[in-house]
Amino acid sequence: MITTSLRKLAGTKSAGSWLITLAMYGLALSWLYPFVWMVMASLKPTPEIYTTSLFGGELSLGNYDFLFSSATKLNRPFLGALGISFGVTIAVTISVLVTSAFIAYALARIDFPLRERFRDFLLLQMVVPTMMFTLPMFVLIKQLGLINSYGALIFPSMMSGWGIFMMSQSFKGMPQDYIDAAKLDRARLWHIVLNIVVPLNKSIIAIVALFTFTGTWDNFLWPLIVISDVDKMPLSVLLATFSKHYGVYVGPVMAGAVLQTLPLVLLFILFRRHFLQGMSLTLK
Amino acid sequence: MRAFIGKISETHIGALLALSYLLFSAIFWAYPFIWLIILSFSDWRFFDAPIFSGLHNLVVVLSDPEFWGGLWNVARFFSIYFPIAFVGSLGFAFGLKHVGRGKTIIALCFLLANISSGVAFSLVFAKLFSSTGPINNMVFSWFGFRIPWMSNPTLAMLAIALVVAWKFIGYYGLILYSGLQTIPKELYDAARLDNTPPIVRLVRITLPLINAQLIMVLVFTILVSFGIFTEPYLITGGGPLGRTNTPMMIIYETAFRRLQPSHAAMMSVIVAAVSYLLIRITRKLLEKDVKLA
C-alpha cells in the first residue's frame, strides 16, 4: 500500500524504480550540501562556524559588512573587485557572443572560399592543449604593455573558436526558408543574424553565453599571472589572496565565496531550460 | 544583376568574417605558439633577448625530480579520480533513466556543481575537510577519530579528486545519459526473451552502444588530470611534501616564482605533448565504430 502510493508520487511504473528515484533525490540534495554549508557559514560569526549545527547559531550579515568595509582597510577592496569581475566578464561574454554569431553564420550559411579549411582550422585549435599557451600569452601581453591592465583580462578572450564552432553546428540545422524569405525582403546580414538566426538558436547561444561567462568570471590562473596590483584584481584572485593571508577570518572568506558563486548560480537558474536543451546539442 | 551583386558581396562578407577570426588567432594563438617554441630552446629570464641554447632546457627539465614528481602526481590523481568519476557518472546516468518524476530538477542539482566557481568551492571544501571541519566532526562523533585529509599524501589527493568529481559527475553523467537515450528499447526486449542475465546485457549491449560517450568521458578525465591548477593550489598548496603538486602548478612556480620561463616553456611543451599522445592512444585503442545492424 505504501509502496504503491510512493510509486505514484515518484511517477514511476516499474517496481523498484521508486527506490532509485528516492535515492537520486537524496543524492541530488547531498550534492547541494556544500552550497548550503557555504551560505550558512557566511551568515555566522567565525568562532561559531565549526561549533554550531548547520542551521543553528546566530545569523547575521556581519561577514558581508566586514568584507566591504574592514577588508578595504586591509588593502583588499572587494567592492572594486566585484565591479572589475562584472566589467571584464560582461565585456568578454558580449564580444564572444556577437563575434561567434556572425562568424558562425558565415561558416554555416555563406559559401566563401576555403570554408572547409577554416572549419578544419577551428577543429585543430580545439585539439591543441590550451594549457601550454598560458606562459607565451604572458610574454605577448608583456610585449603589448598590458600587464596589470584590464586589457590583459579581456583581449585574449574576445573571440572563441569553440563558440564559433558550436554555433555553426546549430545554425546548419536551421530551415533555409526563413533565410531565403528574409533575403527576398533584401534584409541585411546583421538583420538576418539578429532577427532570424539568433531567436531560432537560443539554446546554443545560452550555452555559449553561460560557459563563456563562467569561464571568464572564475578564471584564476590567468589573472593571477597578469594582475599583481590589488586594486585591479578580479574577485576570484582577490578572494584567493585574502584567504591566503587572512584565512583565520573564515566567515568573511565564506561571504566572499558566496559573492563569487552567486552570479553563476543566478544565471544558471535563469537559463536552466535552454541549458539542458543546449547540453543535448553539444553532447552529440 | 542585383542578385549577382548580392551574392558576390555576401561571399566577401563571409570571407571577411572568417578573416577577422584568423587575424585574432594570428595574434593570440599563433604568435604565442611561436614564442613557446622559441623559449623552449633558448635561455631567457624575462628581460633581455632570448639566447639559443639547444636542448639545454630539455636536459634541465628531464633531470628535475620535481617535474617527474608532477607527472607521477598526474598518474596518482587519475588513478583515484577516474574510478570515482566513471562509476559515479555511470550510476548517475542509469539512475536518471529510472527516475519517474523530476528528472530535470535532479539533473540541475548535479549540474549546478559543474557551473559553480572553482575558486569559491576550493575554499569551501578546504574548510569542509579541515581537521575541525564538519566532515571530521561527524567522523569523530561516530568513530572517535579524525581523518588526516591534509597531512597524508593519498588522502590529500583523494580530497582533491572528490572535489573535482563533485564538480564533473553531473556533466559526465549527462553525456552518458544522452548515449543511453539513443539505444532502442527493442534490443533489451530481445535480450530479455533470450533470458540474458542483466550483467551480460550491460557488458554486451549497453556499454558497447555508448562507446562514443564513454570515450568522451575518459578523454575529459585525462584532460582534467593534466590541467588541474585551482583546486590543488587552493586546497593543499601542493602539499604534503609536494605530493599533490600538479604540472600546471610546477610550470607556474618555475616561470613566475623561480623566474625560469624557458624551463617552464619546455615543461609546457612536454606536458601538452604527453597529454595529447595519451588521448590519441586511448582513442586508437578503445574507440570502436559501433553500428546497429
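Since the structure is predicted, the reported quantities are computational estimates derived from the model, not experimental observations. We name chains A, B, ... by the order of the sequence lines, and we start the count at 1 in each one.
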Problem - side-chain contact (heavy atoms from CB on, under 4.5 Å) evaluation trace for Ser25(B) with Phe121(A) - result: CA-CA 10 Å; Ser25(B) 295; Phe121(A) 176 67; 3.7 Å; yes
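- Annotation: maximal heavy-atom pairing with chain B below 4.5 Å, among Leu135(A), Leu235(A), Leu114(A), occurs at Leu135(A).
- Near-neighbour residues of residues 124-134 of chain A relative to chain B, defined by a heavy atom under 4.5 Å from a heavy atom of that chain, comprise Leu124(A), Gln125(A), Val127(A), Val128(A), Pro129(A), Met131(A), Met132(A), Phe133(A), Thr134(A).
- Between chain A and the residues Gly91(B), Gly133(B), Ala120(B), Gly14(B), the largest count of heavy-atom pairs under 4.5 Å involves Gly14(B).
- Contact annotation: the side chain of Val250(A) approaches that of Lys127(B) to within less than 4.5 Å [non-hydrogen atoms, C-beta and beyond].
- Side-chain contact between Asp111(A) and Thr11(B) is absent, with no heavy-atom pair separated by less than 4.5 Å.
- The candidate from Pro156(A), Ser236(A), Ala106(A), Pro113(A) with the greatest count of non-hydrogen atom pairs under 4.5 Å with chain B is Pro156(A).
- When heavy atoms are compared at a cutoff of 4.5 Å, Phe121(B) approaches chain A solely by way of its side chain, counted from C-beta outward.
- For chain A, the nearby parts of Leu36(B) are the backbone and the side chain; heavy atoms of each come within less than 4.5 Å.
- Proximity to chain A (any heavy atom under 4.5 Å) is shown, for Ile27(B), by both the backbone and the side chain.
- Taking 4.5 Å as the limit, some side-chain heavy atom of Tyr25(A) sits within range of a side-chain heavy atom of Ile105(B).
- Using a 4.5 Å cut-off between heavy atoms, Ile279(B) does not touch chain A at all.
- The contact between Leu221(A) and chain B is made by backbone and side chain atoms together, counting heavy-atom distances below 4.5 Å.
- The shortest distance between side-chain heavy atoms of Asn137(B) and Thr51(A) does not fall below 4.5 Å.
- Under the 3.5 Å distance criterion, the side-chain polar atoms of Trp166(B) are matched with a main-chain donor or acceptor of Trp31(A).
- For chain B, the option among Arg115(A), Lys183(A), Lys244(A) with the highest count of heavy-atom pairs below 4.5 Å is Lys183(A).
- Looking at Phe256(B), the atoms closer than 4.5 Å to chain A (heavy atoms on both sides) all sit in the side chain, from C-beta outward.
- Residues from residues 225-232 of chain B that place a non-hydrogen atom less than 4.5 Å from a non-hydrogen atom of chain A comprise Phe226(B), Gly227(B), Phe229(B), Thr230(B), given in numerical order.
- One finds the CZ atom of Phe275(A) at 13.0 Å from the OG1 atom of Thr104(B) (value rounded to the nearest 0.5 Å).
- Top candidate by heavy-atom pairs under 4.5 Å with chain A, chosen from Ser268(B), Ser117(B), Gly118(B), is Ser117(B).
- Contacts between Tyr33(A) and chain B at a heavy-atom distance below 4.5 Å involve the side chain alone, from C-beta outward.
- With a threshold of 4.5 angstrom between heavy atoms, Ser243(A) approaches chain B through side-chain atoms but not through N, CA, C or O.
- Heavy atoms of Asn114(B) lying under 4.5 Å from chain A belong exclusively to its side chain.
- The contact between Tyr21(B) and chain A is made by backbone and side chain atoms together, counting heavy-atom distances below 4.5 Å.
- Interface residue Met254(A): only side-chain heavy atoms are found under 4.5 Å from chain B.
- Both the backbone and the side chain of Ser20(B) come within less than 4.5 Å of a heavy atom of chain A.
- For Ser275(B), the part lying near chain A is the side chain, with the backbone staying farther off; criterion is any non-hydrogen pair under 4.5 Å.
- Under the 4.5 Å side-chain criterion, counting only non-hydrogen atoms from C-beta, Leu224(A) is in contact with Tyr233(B).
- At a threshold of 4.5 Å between non-hydrogen side-chain atoms, the residues Trp18(A) and Arg101(B) do not count as touching.
- In terms of heavy-atom pairs under 4.5 Å with chain B, the best-connected choice from Thr99(A), Leu107(A), Ile225(A) is Ile225(A).
- Heavy atoms of Leu234(B) lying under 4.5 Å from chain A belong exclusively to its side chain.
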Exercise for the section: Determine, stepwise, if the pair His98(B) / Thr21(A) fulfils side-chain contact (heavy atoms from CB on, under 4.5 Å). Expected result: CA-CA 7 Å; His98(B) 284 95; Thr21(A) 306; 5.6 Å; no
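- Taking the centre of each ring, Phe138(A) and Trp35(B) stay at or above the 6.0 Å mark.
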